[in-house]
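Letters A, B, ... are given to chains in the order of the sequence lines, protein chains preceding strands, and every chain is numbered from 1.
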Protein chains: 2
Amino acid sequence: MDKKNKPLSKNQKIVLDFIQKNKKPVKAYSILSNVKRKGINAPPQVYRALDKLIEIGKIHRVESQNSFVACKVSDCDTPHKTIFSICNSCEIVSEIKDPKLFKQLKDFSDNDGIKFDGYNLEFFGTCKACKNKQPESTQH
Amino acid sequence: MDKKNKPLSKNQKIVLDFIQKNKKPVKAYSILSNVKRKGINAPPQVYRALDKLIEIGKIHRVESQNSFVACKVSDCDTPHKTIFSICNSCEIVSEIKDPKLFKQLKDFSDNDGIKFDGYNLEFFGTCKACKNKQPESTQH
DNA sequence: TCAAATTATGTTATATTATAACACTACACT
DNA sequence: AGTGTAGTGTTATAATATAACATAATTTGA
Ligand SMILES: [Zn+2]
Ligand SMILES: [Zn+2]
Ligand SMILES: [Zn+2]
Ligand SMILES: [Zn+2]
């Protein structure tokens with residue numbers, strides 16, 4: 001896989017750098033406004049960089065949020081084999097690395113016996129930090 | 001679960017009816033233009049109906065397509081427990097009903113032992129029909 | 001080595017998807 | 001009858017994403 005080792009272009013670096021600095025997923029227009037001073041002026045420049053970074057697996061798109069997050073799994077060299085947990089309360093996103101679940105998804109085939117090229121799985125719940133903030137007694 | 005049995009409002013019926021008539025997922029603005037003659041005039045009317053129909057599990061949102069599809073699994077009375085297969089070529093979407101996979105997802109908990117309220121899983125591949133149209137010899 | 005192909009950039013305009021805000025109506029419950 | 005909740009209609013606008021076109025940089029390979 002040598003796409004992965006190809007050096008990034010200027011705009012791709014700028015965009016990736018900003019995404020990696022953020023703990024939470026970021027939105028395209030938030031990226032834009034934050035990198036304007038680096039010479040990126042318009043949405044297409046951001047979206048092109050995002051497309052490429054997704055293609056080489058450096059970042060992933062969080063579909064339910066229209067947001068983008070850096071890959072935390074070193075061997076994600078392709079898009080579309082992604083598992084996330086998403087907190088409904090603070091919207092923090094964690095990429096899940098679970099060999100057993102990977103295998104279950106990889107091996108899944110539908111009724112017609114068709115195997116799939118990729119998948120995206122998003123789990124929703126309340127993260128530990130948010131659970132502590134809202135103890136059971138205040139939940140109804 | 002008595003939300004499910006509550007009669008739908010006029011706009012909810014119109015929107016659900018249109019979605020159910022379509023084999024493929026439909027987009028919000030396509031719904032709008034197709035139900036204009038039924039007295040739905042503006043986006044908020046469509047989106048409100050969609051939100052409610054999703055909430056009661058009559059339809060689901062296909063996150064990767066920004067589209068909406070009728071539920072094909074009779075006991076989906078909640079949102080966010082959904083599994084789809086999506087053809088990359090014709091974009092047809094099928095809701096998957098697979099007890100084994102349901103169980104694997106239901107039982108999944110992350111490293112912190114946190115269980116999740118819901119999930120959305122989208123598989124990507126090429127459907128049978130599209131595979132037949134493009135036999136291996138023409139693929140490279 | 002140099003022409004062709006591919007990849008990336010910059011820019012303007014526009015398309016697509018979704019929500020805010022406000023006034024009003026229908027209906028259920030007590 | 002009064003109150004709360006859900007639904008409707010409408011205008012305007014926000015947020016997300018792409019089309020289209022001109023140009024520049026880079027890789028490739030004959
Ligand atoms: Zn990853
Ligand atoms: Zn949280
Ligand atoms: Zn369903
Ligand atoms: Zn297909």
Side-chain angles (χ1 to χ4, degrees), chain A residues 2-19 22 24-69 79 91 93 140, chain B residues 1-19 22 24-69 79 91 93 120 140:
Chain A
D2 87 312
K3 251 183 199 173
K4 206 182 175 179
N5 300 319
K6 202 189 155 204
L8 299 177
S9 76
K10 178 188 142 240
N11 288 357
Q12 289 158 13
K13 265 184 227 153
I14 292 170
V15 169
L16 177 57
D17 186 55
F18 179 72
I19 295 173
N22 282 272
K24 285 195 189 181
V26 287
K27 305 269 197 163
Y29 276 72
S30 157
I31 296 169
L32 177 57
S33 63
N34 279 281
V35 299
K36 276 223 158 128
R37 66 204 157 68
K38 304 224 172 184
I40 292 185
N41 307 306
Q45 296 175 295
V46 172
Y47 281 102
R48 285 173 191 146
L50 290 172
D51 287 347
K52 179 56 74 168
L53 292 168
I54 289 169
E55 190 191 329
I56 63 178
K58 294 282 188 188
I59 66 171
H60 304 298
R61 191 186 150 84
V62 182
E63 297 289 357
S64 61
Q65 294 188 342
N66 297 336
S67 66
F68 305 87
V69 69
E91 303 193 317
V93 169
H140 41 221
Chain B
M1 190 98 332
D2 89 310
K3 250 183 200 172
K4 204 181 177 180
N5 299 319
K6 203 193 155 199
L8 298 178
S9 76
K10 179 189 141 237
N11 288 358
Q12 289 159 14
K13 266 183 226 150
I14 293 170
V15 170
L16 177 58
D17 186 56
F18 179 73
I19 295 173
N22 282 272
K24 285 194 190 184
V26 287
K27 304 269 198 166
Y29 276 73
S30 158
I31 297 170
L32 177 57
S33 64
N34 279 280
V35 298
K36 276 227 158 125
R37 67 204 156 66
K38 305 227 170 180
I40 291 185
N41 307 306
Q45 296 175 295
V46 172
Y47 281 102
R48 285 173 191 147
L50 290 172
D51 288 346
K52 179 57 73 168
L53 293 168
I54 289 169
E55 190 192 328
I56 63 178
K58 294 281 187 190
I59 67 170
H60 303 300
R61 193 185 146 83
V62 183
E63 296 289 355
S64 61
Q65 293 187 341
N66 296 336
S67 67
F68 304 88
V69 69
E91 302 194 316
V93 169
N120 177 250
H140 41 220

Quickly work out the A/K52 NZ to D/dT26 P distance and round it to whole Å.
15 Å
Rounded to whole Å, CG of B/N66 lies from C1' of D/dA15 at a distance of 12 Å
In degrees, rounded to 10°, what is the bend between the two ends of the helix from C/dT1-D/dA30 to C/dT30-D/dA1, using five pairs at each?
40°
Go through the structure and list residues passing side chain to side chain contact (heavy atoms under 4.5 Å, CB included) with B/K13, not counting sequence neighbours.
B/L8
Is the closest side-chain heavy-atom distance between B/V69 and B/R61 below 4.5 Å?
no
Just N and O in the side chain of B/K10: are any of them under 4.0 Å from OP1 or OP2 of D/dG9?
yes
Want to settle it: does A/S30 or B/I40 sit nearer the 5' end of DNA chain D, counting the closest nucleotide to each?
B/I40
Mind checking what makes side chain to side chain contact (heavy atoms under 4.5 Å, CB included) contact with B/N22, not counting sequence neighbours?
B/F18, B/V26
What is the distance, rounded to the nearest whole Å, between atom CD1 of B/I56 and atom C1' of D/dG7?
14 Å
Looking at every non-hydrogen atom in both residues, tell me the closest pair between B/A28 and B/Y47 and how far apart they are.
CB-OH, 3.3 Å
Both B/D51 and A/A49 contact DNA chain C. Taking the nearest nucleotide for each, which residue is further toward the 5' end?
A/A49
At a heavy-atom distance below 4.0 Å, which nucleotide of DNA chain C is the first touched by chain B, and which is the last?
C/dT17 to C/dA21
Between atom CG in A/L50 and atom P in D/dA17, what is the gap in whole Å?
9 Å
Show me the side-chain donor-acceptor pairs of residues 33-46 of chain B shorter than 3.5 Å, one per line, residues at least two apart or across chains.
{"unit_1": "B/S33", "atom_1": "OG", "unit_2": "B/Y29", "atom_2": "O", "d": "3.4"}
{"unit_1": "B/S33", "atom_1": "OG", "unit_2": "B/S30", "atom_2": "O", "d": "3.2"}
{"unit_1": "B/N34", "atom_1": "ND2", "unit_2": "B/S30", "atom_2": "O", "d": "2.7"}
{"unit_1": "B/Q45", "atom_1": "OE1", "unit_2": "B/N41", "atom_2": "N", "d": "2.7"}
{"unit_1": "B/Q45", "atom_1": "OE1", "unit_2": "B/A42", "atom_2": "N", "d": "3.0"}

Quick check for you: to the nearest 0.5 Å, what is the distance between B/I59 atom CD1 and B/D51 atom CG?
8.5 Å
Nearest heavy atoms of B/N66 and B/K27, plus distance in Å:
O-CD, 3.5 Å
Selection: residues 31-39 of chain B, any non-hydrogen atom under 4.0 Å of DNA chain C:
none
Figure out the CD1/P separation between B/I14 and D/dG7, and round it to whole Å.
14 Å
At a heavy-atom distance below 4.0 Å, what parts of residues 41-48 of chain B sit against DNA chain C?
B/P43, B/P44, B/Y47, B/R48
Please say which of A/L50, A/I56, A/I54 ends up in a side-chain contact (heavy atoms from CB on, under 4.5 Å) with A/K52.
A/I56
Suppose we screen for side chain to side chain donor-acceptor pair (under 3.5 Å). Which residues come up paired with A/Q65, at least two apart in sequence or across chains?
A/S67
Sorted by chain and number, sequence neighbours left out, side chain to side chain contact (heavy atoms under 4.5 Å, CB included) with B/K24 holds for B/C90, B/I92
Residue set satisfying side chain to side chain donor-acceptor pair (under 3.5 Å) with B/N11, at least two apart, ordered chain then number -> none
With A/D17 via salt bridge (charged side-chain N to carboxylate O under 4.0 Å, His left out) - residues at least two apart
A/K21
Can you tell me how far C1' of D/dT8 sits from CG of B/L8, to the nearest Å?
15 Å
